[in-house]
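Single-structure report; data block below.
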There are 2 protein chains.
Amino acid sequence: MATIHDVATRAGVSRSTVSRFISGRGYVSPDARARITAAIEEIGFVPNAMARGLKTRRSSLIALLVPEIVNSFYTTILRGVEDVANRHGFQVIVGNTDETGAKERAYVELMIASQVAGVIVAAVGGTAASLEPLLQKRVPTVLIDRAIDGFEADIVKGDNVDGMAELARHLLSLGHRQIALVNGDLATAVAREREAGYRRALAEAEVAVDDALISSGDWFIDDAERRTSALLASGRPFTAILAANNFMAIGALRALRQRGLRVPEEIALACFDDIEQAAEIEPFLTVMAQPAYTMGTLAMQMLLERMGGHERGGRREIVLASHLVIRRSSGARDARPVQSGAVGNGRIAAAELVANGDDGSPSAEDVAVVALASVERGKEVSAFGTVTSIAKDAAPNRSVEGAARDAAATPRGDE
Amino acid sequence: MATIHDVATRAGVSRSTVSRFISGRGYVSPDARARITAAIEEIGFVPNAMARGLKTRRSSLIALLVPEIVNSFYTTILRGVEDVANRHGFQVIVGNTDETGAKERAYVELMIASQVAGVIVAAVGGTAASLEPLLQKRVPTVLIDRAIDGFEADIVKGDNVDGMAELARHLLSLGHRQIALVNGDLATAVAREREAGYRRALAEAEVAVDDALISSGDWFIDDAERRTSALLASGRPFTAILAANNFMAIGALRALRQRGLRVPEEIALACFDDIEQAAEIEPFLTVMAQPAYTMGTLAMQMLLERMGGHERGGRREIVLASHLVIRRSSGARDARPVQSGAVGNGRIAAAELVANGDDGSPSAEDVAVVALASVERGKEVSAFGTVTSIAKDAAPNRSVEGAARDAAATPRGDE
DNA sequence: TTGAAAGCGGTACCAT
DNA sequence: ATGGTACCGCTTTCAA
């Protein structure tokens, strides 16, 4: 394996000069430059990242940890993260934690050992235990989608409480009063937040919540199917199902089909998170779509700021609005996309995000703030997002109850 | 950041002893062992992978390079790769090459620089140029899905020629005679192979091929949409569309819908590769489904063998059969899943794959051979695959023409 | 059974 | 502008 020494010998210069050349710091004469370039080409030299990283304690690796890479919500986030990371010379490596704390922990240790420059995590949930080493080693970290109680880090997330409330209101507006909730793992904040939204919407509509219609477990399709089957077997009456995410919806759908129940004629269905490719094939599922690409984009942006030390303040929190996409499964007459957006909210255009981050350009918050100020309603673009709130030096992650209370207190202008 | 030295001091032993302890090689007294364990725990020590890799020239990283991580075909492959890698103590990092040679090249260099233990690539296509450094640096490499002319490496791929021929035969059997082919990038072997299959089926049915109905370009949805729109605008008559993969099908579908054409009533549609989640939501697309999970599984298995030096022979090639899943889009009366399988082919059961690879257990070929011998027709399981052919010391990747000729010469027992 | 010491392949400071 | 030279943190003989 060719080393810097081989290049130096071949080019007739010292290792120091070669080092300066490849790292781009320090002076190298045009003459030496040419000879080194030639030597590198000839022997096919690729600098050893381990040797370099050992010395510099830096790497060009960004780690993204997701619970389920097969879910398009996370692959879309990945694209967002990757696009801005690459633009800044960073490469992204993905770890699939499979909703398993142990796998997450293993990846975290691997990432630390690999000296990654930063980490973005959609955490498995529950405790901060498996992520704790990141804090201890001071690895720049940004949370995405899922908040973790007591884990002090920047976060980009969806407006789960409001989003789920709106989704529930949609079903309520169609006349449903017995709405089953197929939730995910209550150890994850999103599950608790979405349940809070569900409860809030029902309360507002003065519909009593039947706890027997609410189930939770884990985020796997099979589990949602089992729980839905059990619910159907219980004989408890209900006319609609609200699934806490797209995978839960698939599970519910399986159970419904197995019983021969037609959607939406016999049971209506809606869920959080879109499945873009499925929608392309056949617009069926009514969903609360989150701006996943933008979430990835903003998370990476915040991470870059932390990594570069440009941001030394407290915990930041960016909440992006999701939007209701009405399709067939909920049984609405007018099955057409609808953009939810509160007065005073603003869109983050793809163009702005692209401009963002180049040297000296605005930070994630700047962009978000600008977007907030410009209430602009344009056509649907996947890279768009609507900022619901931005908190600088935000309070530590609070309990769901608190979040729900705040959300309830915030006026929304979309209904 | 805690180092081995800190642990040594705290435990009252030398660095060497700590090193022996964490690497598991060499003797360490129970006494020292206990003190080291405690020290590691106390200071939260994680060995620096860079320092270790620098010395050992090894890492526990496997790189998987895919052209489009958003495509479920590749995420499913990822799951297969990851499952066997993890079982052997390796972690997988994914690079999304975005169908771009330059990105692929960049990832390859990064992987080499990072001293990955092995690489699995679904290549962007065209030349072997961007992968060439892998050969030069002797990084164990396995190709998946896409063959590369002149790149000498083990490969796991689908039976593209036969599969596409069968898919075309399905449309022919429904009475279609003017079948448009929306292909992908002809620089990739799969595209050429699938076109060969299309041509073969038409030739066998004595249907003249109308080249004006065949389009190619790249593998992006937008491109397929554009080409399909152009075809529709041309006025050239056709009654069905065969898409070279799932993304091409989405593009074609967009174009059809934009023109208000109903599928399958006005135009029938079928494609290679499934979109599992879409099918779960609504069984619509008739597809030639590939055993993606198994492809990942076998690729990783072959890679482990190369990495361990257990396999020093020539290039190996494993070809897995795909199977026809008839759904609504092709307009067939009996829209139900059908398992295609030639006499003499065998299933690889999930159980066998799991057993495979533990020390001393059978190699990828052994498993495949055993499977070939056991013609067992069971129920559909996603981890199953059907082996079409296994070649040991296979000839270098040949031209499509040659492959098509061979395929035509090989008797198949499924019709 | 343990410790001393020599690197692995770069980087970066300090002279020249 | 360039070269000499200590490391970075861990592994691995080799001696004790």
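Order of the sequence lines sets the chain letters (A, B, ...), proteins ahead of strands, with each chain counted from 1. Side-chain atoms are counted along with the backbone in the values below, which use heavy atoms only and exclude waters and symmetry mates.
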Requested in this report: Please work out if A:V18 contacts a base, only the sugar-phosphate, or nothing of the nucleic acid, heavy-atom cut-off 4.0 Å.
Outcome: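 The residue A:V18 makes no contact with any strand.
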
Query - Interatomic distance, A:I93 atom CD1 to A:L61 atom CG [nearest 0.5 angstrom] - result: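 Nearest 0.5 Å value for the CD1-CG distance: 4.5 Å.
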
Requested in this report: Enter the distance from A:I112:CD1 to A:K137:NZ here, rounded to the nearest 0.5 Å.
Outcome: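 NZ of A:K137 is found 6.5 Å from CD1 of A:I112.
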
To the nearest angstrom, how far is [X] atom [atom1] from [N] atom [atom2]?
X	N	atom1	atom2	result
B:H5	D:dT11	NE2	P	15 Å
A:I4	D:dT2	CD1	C1'	14 Å
B:Q115	C:dC8	CD	P	14 Å
A:F21	D:dG3	CZ	C1'	18 Å
A:M50	C:dT11	CE	C1'	17 Å
A:L54	C:dT11	CG	P	11 Å
B:D6	D:dC8	CG	P	12 Å

I want to check something: taking the side chain as every heavy atom from C-beta on, are [X] and [Y] in contact at a cut-off of under 4.5 Å?
X	Y	answer
A:D98	B:E82	no
A:I22	A:V7	no
A:V121	A:E104	yes

Requested in this report: Check each residue of residues 26-45 of chain A for a non-hydrogen atom within less than 4.0 Å of any atom in DNA chain D, then write out the ones that pass by number, or none.
Outcome: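 A:Y27, A:V28, A:S29, A:A32, in order of number.
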
Query raised in the report: Does A:S14 place a side-chain N or O at less than 4.0 Å from the phosphate oxygens OP1/OP2 of D:dG3?
Result: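 The answer is yes; a side-chain N or O of A:S14 sits under 4.0 Å from OP1 or OP2.
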
Query raised in the report: Any side-chain N or O of A:T17 less than 4.0 Å from the OP1 or OP2 oxygen of D:dG3?
Result: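 So the side-chain polar atoms of A:T17 do come within 4.0 Å of the phosphate oxygens OP1 or OP2 of D:dG3, strictly under.
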
**Report entry** A:D83/A:R87 ion pair, N-O < 4.0 Å
**Finding:**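 Not counted as a salt bridge, because no side-chain N and carboxylate O are separated by less than 4.0 Å.
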
**Report entry** Salt bridge present between B:R79 and A:E68 (N-O < 4.0 angstrom)
**Finding:**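 Yes, B:R79 and A:E68 are salt-bridged.
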
Restricting both atoms to N or O, compile the protein contacts to nucleotides 12-16 of chain D shorter than 3.5 Å, with distance only.
none

Query raised in the report: Taking atom types as modelled, is there a side-chain donor on B:T17 or B:S14 under 3.5 Å from an acceptor on the other?
Result: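 There is such a pair between these side chains.
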
Query - Side-chain donor-acceptor contact under 3.5 Å, A:Y74 with A:D145 - result: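 Judged by distance alone, the side chains do pair up.
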
